[in-house]
Every structure is written in structure tokens, then in C-alpha cells.
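Read through the structure below, which is laid out as C-alpha cells, and then see the notes.
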Amino acid sequence: MKQNPDYKLFLCMATVGIVWGTTFLGIRVAVETIPPWFVTSIRQGLAGLIMLIILLYKKQLKWIGWENFRHQLIPALLMIVIANGFTTVAEQTLPSGLASIMSALSPVLIFIGSVIFGLQKPSLKGFIGVIIGFAGVVFIFKEGLGSFLDSNYQHGLLFMGLAILGWASGTIYTKTHANKSNNITLNLFYQFTIATLVQLVLAFIFSPNPDVSLWSTRSIFAALYLSVFGSILAFFSYHYALKRVTAIQVSILSYINTIIAVFLGWLLLDEVITVDFIIATALIISGVFIINYKKKEKRIV
């Protein structure tokens, strides 16, 4: 029998690709006047509060048990505190393009990790797809690759490196335990709550006397956008997709994020879209296609 397409999965994948592509801009605007760990605290705190309201409304709020709590604690620390938090810190100093190209390394690490931990079989097709997609990302920013050697960016590059490792590790761990609990909203409530508490502590350690009067409306709205769209909508979609496809298929959307980030630069910052961008886009789409392409199976009627 012919399987019906999973439109919900397609919508979730599209949401991850598009929304997280906008968060580079959102983070950059938010940290203009708000200390980075306060940005992440606001982002995850509001997201956790909204999840709490949803759970109370549905009467689904409950203790998940220590074993499942551990399964939520690890991705909360790896993907939200480390990956999301350090990306926010890094964007205080790194150009968004440089941050974007570094974040696009995560599918490479996830592919390698998925093979090592047996989440997928090693394949030449998968390896070629990842490399072609990453080549497209590099092609977009080839003029700025010298920025990696800029001493002013050293701390930012270090934070982005930790963020990438955290995200790749968290994705592999989440995929390994994806079927342990089906209530994504409940799981995310615990993840956001754990992350908020940790990030609030970090916020007051690194910015002990925050002057809220200096926080611009523009930055506050950016933080709110990151919370509702970057955390609630995108994280829910990401976890939904991870339950249904491989970790590398979801992570490859990082390349789409890069296209969106460059497009927004053109749309909002009057940056020019060049022939290089068109070629890079073709490479990225080719990489995504190669990884996800499956031959149609012949069925006996």
C-alpha cells in the first residue's frame, strides 16, 4: 500500500529550517543591550511558563520520575544551556555570518556521532551529502574565512565550538532516547525549567548588577521572539522530527538556516545576494537532497 505523506513532519522540518534561520538575527539584536545570559534566561523562562500553562490547561502536568528526569536533564544542559547559551554569548563579538558557518559544522559531527553510536549505518551517500552541504555554507562566506584568524574573535570562536559540540551531543542523546516518553510538551517544560535555573545563576554571576533601564525595546522584543518562536515552536518541531527521522536528516536543516540568515541580511540589512550565494544555495539543496533521497521500492500488487 502507498503511504500517505506525513504533512505534520514536513511542517515541523520546515519550521526548524526557517525559524532557527531567523534566530541568528534575533540573538544579535537581543544582545545589543541585554547581557547574553539574561537573554537566554528570558527566552527559556518564558518558554517554560507557556509550556506550564499549556500543561495545566490540558491537565497533563506531572512528575516524570527520576529516570525520565535524567533523560531531560542531559539535553537541557547540552542543547539549551551550553549550545544555546554559548551561541548567545558568542554573538556579542562574532559576526553573524561567522557564527552561522560554525554552527553548520554540527551536521558533520552528528553524522559521525550517529555512525559511532549505531543510530545509522555508515554510507558514502550520507557522507557526500554532508560534505556537499557544508561546502555550500563555506562558499557563502569564503570571503570572510580569514575572520577565523582574527584575534578579536578568539573567545567567540571558542564559545561557538563548545556550542556546536553541545548541540551535536544533545541531538544524538535525544535521538537515542527519543521513544522513552511521548509527551514532548512535558519534556520541554522540564528542559526549559532546568535551563532557566542554570542560566539565571550564570546571568547573575557574569552580570551581577544588571541595569534593566538600559535594555532597549528592540532587544526585549527580540528576546520574546526567541522565546516563542526560537524555543517553543522550533524546539517542539525539532523533537517531533527526531522521533520520526534520523538525527542527520534533522540536523542537515542547519544548512537551510544559513540560507535563511543570508536572505534576511539581504531583506533587512540591504546586503547583496551574489552569484556565489546562488551557487552555494544549489550546493546546500543538493546536499540535503542526497541525504534524504530514497529510491522508490517496487511493490507487488
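Quick note: residue numbers are just sequence positions, from 1.
Between Trp20 and Trp167, the ring planes lie perpendicular to each other; the angle is over 60°, past the 30° to 60° tilted range. Between Phe236 and Tyr240, the angle of the ring planes stays under 30°, which puts this pair in the parallel group of the 30/60° scheme. Ring pair Phe229/Tyr225 is parallel by interplanar angle, where below 30° counts as parallel and above 60° as perpendicular.
Hydrophobic clustering places Phe221 together with Phe38 (ILVMFWY residues linked when any side-chain heavy atoms are closer than 4.5 Å, directly or through intermediates). Leu214 and Val29 end up in different hydrophobic clusters when Ile, Leu, Val, Met, Phe, Trp and Tyr side chains are linked at under 4.5 Å. Clustering ILVMFWY residues whenever any of their side-chain heavy atoms sit less than 4.5 angstrom apart, transitively, puts Leu197 in a cluster other than the one holding Phe206. Hydrophobic cluster membership is shared by Val31 and Leu200, with clusters built from Ile, Leu, Val, Met, Phe, Trp and Tyr side chains linked at under 4.5 angstrom. Criterion: ILVMFWY side-chain heavy atoms under 4.5 Å apart, direct or through other members. Under it, Leu188 and Tyr57 are not part of a common hydrophobic cluster.
Atoms CG and OG, on Leu224 and Ser219 in that order, are 11.0 Å from each other to the nearest 0.5 Å. One distance of note links NE2 of His239 with CG of Asn187; it measures 8.0 Å at 0.5 Å rounding. Interatomic distance, CD1 of Ile80 versus CD of Gln199, reported as 7.5 Å (0.5 Å rounding). Atoms CZ and CD, from Phe24 and Glu91 in turn, are 6.5 Å apart once rounded to the nearest 0.5 Å. The CD1 atom of Ile232 lies 9.0 Å from the CG atom of Leu49; values are rounded to the nearest 0.5 Å. Between the CZ atom of Arg218 and the CD1 atom of Ile34 there is a distance of 11.5 Å, given to the nearest 0.5 Å.
Annotation for Phe69: atom CZ counts as buried by contact number, over 12 foreign heavy atoms lying within 6.0 Å. No more than 12 heavy atoms of other residues, nucleotides or ligands lie within 6.0 Å of CH2 in Trp66, so this atom counts as exposed by the packing criterion.
In plain terms, the two heavy atoms of Gln191 and Ala76 that are nearest each other are O-CB, 3.6 Å. Scanning both residues, Met51 and Thr185, for their nearest heavy atoms gives SD-CG2, 3.5 Å. In terms of heavy atoms, Gly45 sits closest to Thr196 at N-OG1, 3.1 Å. Across all non-hydrogen atoms, the minimal contact from Ile82 to Leu78 is CB-O, 3.5 Å. Closest approach of Arg28 to Thr93, counting heavy atoms only: NH1-N, 4.1 Å. The two atoms that bring Leu226 and Ala30 nearest to each other are CD1-CB, 4.3 Å, heavy atoms only.
No donor-acceptor pair under 3.5 Å is formed between the side chain of Thr33 and the backbone N or O of Trp215. A donor-acceptor pair under 3.5 Å is formed between the side chain of Ser169 and the backbone N or O of Leu165. Side chain of Asn183 to main chain of Leu186: a donor-acceptor pair is present (N/O by atom type, distance under 3.5 Å, no hydrogens or angles).
Applying the side-chain contact (heavy atoms from CB on, under 4.5 Å) criterion to Thr15, with sequence neighbours excluded, gives Leu11, Val19, Leu233, Ser237. Applying the ring-ring contact (aromatic ring centres under 6.0 Å, His included) rule to Phe192 yields the partners Phe235; only residues at least two apart in sequence or on another chain are considered. Not counting sequence neighbours, the partners of Ser231 by the side-chain hydrogen bond (donor to acceptor under 3.5 Å, both in side chains) test are Arg43, Gln44. Residues forming a ring-ring contact (aromatic ring centres under 6.0 Å, His included) with Phe189 (at least two apart in sequence, or on another chain): none. In this view, Arg244 satisfies the salt bridge (charged side-chain N to carboxylate O under 4.0 Å, His left out) rule with no residue, not counting sequence neighbours.
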Review point. Please walk me through it: do Phe204 and Trp37 pass ring-ring contact (aromatic ring centres under 6.0 Å, His included)?
Key: CA-CA 8 Å; Phe204 281 105; Trp37 289 112; over 10 Å; no
Practice item. Would you please test Val39 and Ile27 for side-chain contact (heavy atoms from CB on, under 4.5 Å) and show each step? Key: CA-CA 8 Å; Val39 171; Ile27 291 172; 5.8 Å; no
Exercise for review: Tell me, with the steps shown, if His71 and Asn68 meet side-chain contact (heavy atoms from CB on, under 4.5 Å).
Suggested key: CA-CA 5 Å; His71 292 324; Asn68 193 23; 3.8 Å; yes
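Annotation: side-chain hydrogen bond (donor to acceptor under 3.5 Å, both in side chains) contacts involving residues 202-213, sequence neighbours excluded, comprise Asp211-Ser213.
No donor-acceptor contact under 3.5 angstrom links the side chains of Thr174 and Thr171, judged on distance only.
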